[in-house]
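Side chains included, hydrogens not; waters and symmetry mates left out as well; all remaining heavy atoms used. Note that the structure is predicted; figures quoted are calculated from it, not measured.
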Amino acid sequence: MSEKVRVRFAPSPTGPLHIGGVRTALFNYLFAKKHGGDFILRIEDTDQNRYVEGAEQYIIDALNWCGIPFDEGVDKEGGFGPYRQSERKHLYKKYADELIAKGKAYYAFDTSEKLDFHRKDHESKGKTFIYNWHNRLKLTNSLSLSEKEVDAKLNAGEDYVIRFKSPQDEKLVLNDIIRGEIHIDTNVLDDKVLFKSDGMPTYHLANIVDDHLMQISHVIRGEEWLPSLALHQQLYDAFEWSAPQFAHLPLIMKPVGKGKLSKRDGEKLGFPVFPLSWNESKGYREEGYFPDAVINFLALLGWNPGTEQEIFSLSELVETFSLERVNKSGARFDPDKTKWYNQQYLQGRSDTALANSFKSVLDVKQINLNDRNDEWLIKIVSLIKERAVFVSDFWELSDYFFVAPTFYNEKASKKQWKENTPKILNQLVSILERIDNFSSANTESIVKSWISEEELSFGKVMPPLRLVIVGDMKGPHIFDILEMIGKEQSIARIQRAIQVLG
């Protein structure tokens with residue numbers, strides 16, 4: 001690309017950042033990095049009535065946790081600030097006035113009551129009220145009023161808005177990197193409000209002015225903004241500015257049924273829809289997901305690399321990503337697949353790193369490792385991690401390494417505990433007591449030799465042994481467990497079970 005790539009993620013601070021917003025930020029980030037460009041964060045807070053305290057910081061924290069920090073934006077000056085629209089409001093009136101001077105926009109003084117009357121009147125006749133070329137001369141605006149009447153209203157401080165004057169009988173040909181050519185009949189477009197009498201622009205004007213002044217080369221945003229593309233292109237044309245290239249991303253769809261993924265879907269089906277927790281809603285971070293796993297599964301929601309590869313590092317995503325391979329249709333969200341991704345990333349983590357993370361779980365459980373060294377905990381992690389999806393799963397998979405069982409699975413006990421089981425286990429205790437080298441391999445060799453010599457079946461020894469050591473029929477290789485808990489603890493558990501189970 002000949003021009004400098006500059007893209008922006010421009011959320012409104014009206015609440016937590018939805019996972020769909022994170023994906024929009026991610027695609028902007030990947031595109032910028034692929035082309036050596038800049039990724040900008042702009043906070044679009046022109047609607048102060050919907051502003052939520054803490055939402056802006058949440059957005060910044062979420063991007064940082066995901067590992068896709070912005071290069072330029074709020075508190076990261078890049079020469080195009082300020083980066084909050086509320087701090088730029090002094091800029092927009094000039095551009096609104098310029099459009100009026102060019103005949104591309106006009107003052108409208110219609111009251112909300114009058115507009116509501118027209119809407120209801122149209123509805124009663126089975127029609128839809130659209131404020132545009134076919135009725136604007138019948139309404140109260142600077143196109144239908146004399147210049148003297150307009151000045152009088154402005155001088156009297158009457159409320160007004162500035163509307164864009166959409167053209168009549170024109171055919172627009174718009175271009176979208178993902179969707180190709182889009183044809184629009186201007187007769188169906190309404191005259192959108194660009195500026196309000198409270199001195200604040202609407203999204204449409206502020207968005208165009210800011211993108212122009214910040215030299216944005218590509219606008220990569222959600223599909224919900226596709227209906228605004230015609231107006232935005234016309235605004236660029238009206239100002240005689242070069243428009244950026246547009247790409248509208250497909251929606252992230254519900255796991256079941258139709259429609260856009262929502263917070264309610266997550267609450268109903270038990271999965272997060274936010275990157276970080278917000279009030280009562282847990283985020284992916286709090287649920288134990290790795291940020292790189294979240295980024296990986298989000299990248300493949302609506303984008304196809306063209307290969308069978310599913311696991312991508314961030315650098316691989318940057319190298320492979322292209323807007324041309326983004327799908328037009330919505331991508332169905334699969335909660336089970338997100339867990340699969342996290343499991344793949346967990347398996348790829350070093351045992352040492354996972355053991356360090358596991359320590360925080362043990363702290364919550366108030367487990368004192370006493371004189372156990374890090375290597376002991378690392379070995380436990382190596383034995384159990386392949387069955388885990390989250391680090392938080394480690395406790396359920398390994399609790400018997402730390403605490404002797406206090407009860408025994410009832411179903412397993414009925415199946416494995418026979419009349420002669422106590423006698424066999426007492427004999428086994430005698431064997432274990434004589435073993436000096438209690439390594440897994442040595443203990444296994446001695447015990448299996450004893451089983452063969454006594455002409456016992458393995459089924460009479462090994463399942464009951466697992467039951468009394470673990471409390472259930474779960475866990476890795478039983479002799480690995482014996483080695484890890486040690487001879488003294490192994491014998492104590494067998495003897496206790498004989499007493500409890502008879």
Exercise for review: Could you please spell out the steps behind the ring-ring contact (aromatic ring centres under 6.0 Å, His included) verdict for Trp278 and Tyr58?
Suggested key: CA-CA 9 Å; Trp278 179 266; Tyr58 178 97; 5.3 Å; yes
Exercise for review: Could you go through the ring-ring contact (aromatic ring centres under 6.0 Å, His included) check for Tyr341 and Phe290 one step at a time?
Suggested key: CA-CA 9 Å; Tyr341 271 106; Phe290 297 111; over 10 Å; no
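Counting heavy atoms from C-beta on, the side chains of Pro405 and Leu467 never come closer than 4.5 Å. Considering only heavy atoms from C-beta on, Arg8 comes within 4.5 Å of Arg221 through its side chain. The shortest distance between side-chain heavy atoms of Ile481 and Pro476 falls below 4.5 Å. Side-chain contact check for Phe438 versus Ser490: some heavy-atom pair is nearer than 4.5 Å. A heavy-atom distance below 4.5 Å is found between the side chains of Ile40 and Ile216. Using a 4.5 Å heavy-atom cutoff, the side chains of Trp65 and Val294 are in contact. Contact of the His218 side chain with the Ile177 side chain is registered, since non-hydrogen atoms from C-beta on lie closer than 4.5 Å. Using a 4.5 Å cut-off on side-chain heavy atoms (C-beta onward), Ile435 and Leu432 make contact.
The backbone N or O of Pro255 lies less than 3.5 Å from a partner atom in the side chain of Arg332, making a donor-acceptor pair. Listed for the Lys487 side chain is a donor-acceptor partner under 3.5 Å among the backbone atoms of Glu433. In this structure a side-chain-to-backbone donor-acceptor pair under 3.5 Å is present from Gln347 to Lys385. Counting only distance, with no hydrogens or angles, the side chain of Asn296 and the backbone of Glu310 share a donor-acceptor pair below 3.5 Å. Checking side-chain atoms of Lys34 against main-chain N and O of Phe321 turns up a donor-acceptor pair under 3.5 Å. Distance alone, capped at 3.5 Å, places no donor-acceptor pair between the Asn28 side chain and the Phe9 backbone. Between the side chain of Ser445 and the backbone N or O of Asn442, no donor-acceptor pair lies under 3.5 Å. In this structure, Asn327 contributes its side chain and Asn304 its backbone to no donor-acceptor pair below 3.5 Å. Between the side chain of Arg493 and the backbone N or O of Ile469 there is at least one donor-acceptor pair closer than 3.5 Å. A donor-acceptor contact shorter than 3.5 Å links the side chain of Asp334 to the backbone of Asp336.
The pair Arg6-Asp211 fails the salt-bridge criterion, with no side-chain N (NZ, NE, NH1 or NH2) lying under 4.0 Å from an Asp/Glu carboxylate O. Classification of Glu410 and Lys414 as a salt-bridged pair holds, one side-chain N sitting under 4.0 Å from a carboxylate O. Ion pairing of Arg84 with Asp45 is absent here, as no side-chain N (NZ or NE/NH1/NH2) approaches a carboxylate O to less than 4.0 Å. Ion pairing between Lys474 and Asp399 holds under the 4.0 Å rule for side-chain N and carboxylate O. Ionic pairing of Arg387 and Asp393 is not present here: no N-O contact between side-chain nitrogen and carboxylate oxygen is shorter than 4.0 angstrom. A salt bridge links Glu223 with Arg179: the closest approach of a Lys/Arg side-chain nitrogen to an acidic carboxylate oxygen falls below 4.0 angstrom. Remark: Lys460 does not engage Glu454 in a salt bridge, criterion side-chain N to carboxylate O under 4.0 Å.
Taking the six-membered ring where the residue is Trp, His212 and Trp241 present parallel rings, their angle staying beneath 30° rather than reaching 60°. Between Phe333 and Phe297, the angle of the ring planes goes over 60°, which puts this pair in the perpendicular group of the 30/60° scheme. Classification of the Phe246-Tyr236 ring pair by plane angle, with boundaries at 30° and 60°, yields perpendicular.
Note that the OG1 atom of Thr443 and the CG atom of Asn437 stand 7.0 Å from one another [nearest 0.5 Å]. Here the CG-CG distance, from Leu314 to Asp292, works out to 9.0 Å after rounding to the nearest 0.5 Å. Rounding to the nearest 0.5 angstrom, the gap separating the CD atom in Glu56 from the CD1 atom in Ile43 is 4.5 Å. Residue Asn356 holds its CG atom at 7.0 Å from CD1 of Ile378, rounded to the nearest 0.5 Å. Taking OG1 of Thr14 as the start and CG of Asn49 as the end, the distance is 12.0 Å to the nearest 0.5 Å.
Between Glu286 and Ser277, the shortest heavy-atom contact is OE1-N, 2.8 Å. The nearest pair of heavy atoms linking Ser398 to Ile384 is CB-CD1, 3.7 Å. When all heavy atoms of Ser12 and Glu44 are compared, the pair lying nearest together is OG-O, 3.2 Å. The shortest non-hydrogen separation linking Ile485 to Gln489 is O-CB, 3.3 Å. The nearest pair of heavy atoms linking Pro272 to Lys282 is CB-O, 3.7 Å. Annotation for Pro244 and Val219: closest pair CG-CG2, 3.6 Å, computed over non-hydrogen atoms.
Looking only at atom types and distance, the side chain of Tyr83 has no donor-acceptor partner in the side chain of Asp210 under 3.5 Å away. Side-chain contact, Ser313 with Ser315: a donor N or O sits under 3.5 Å from an acceptor N or O. For the residue pair Ser262 and Asp265, a side-chain donor N or O sits within less than 3.5 Å of a side-chain acceptor on the partner.
Just one residue in the list Phe358, Phe401, Phe402 forms a ring-ring contact (aromatic ring centres under 6.0 Å, His included) with Trp395, and that residue is Phe402.
Figure legend: cation-pi geometry between Lys379 and Trp376 absent, as NZ or CZ is not positioned both under 6.0 Å from the six-membered ring centre and within 45° of its axis. Note that Arg349 lies outside the cation-pi zone of Tyr345, set by a 6.0 Å cut-off to the ring centre and a 45° limit from the axis.
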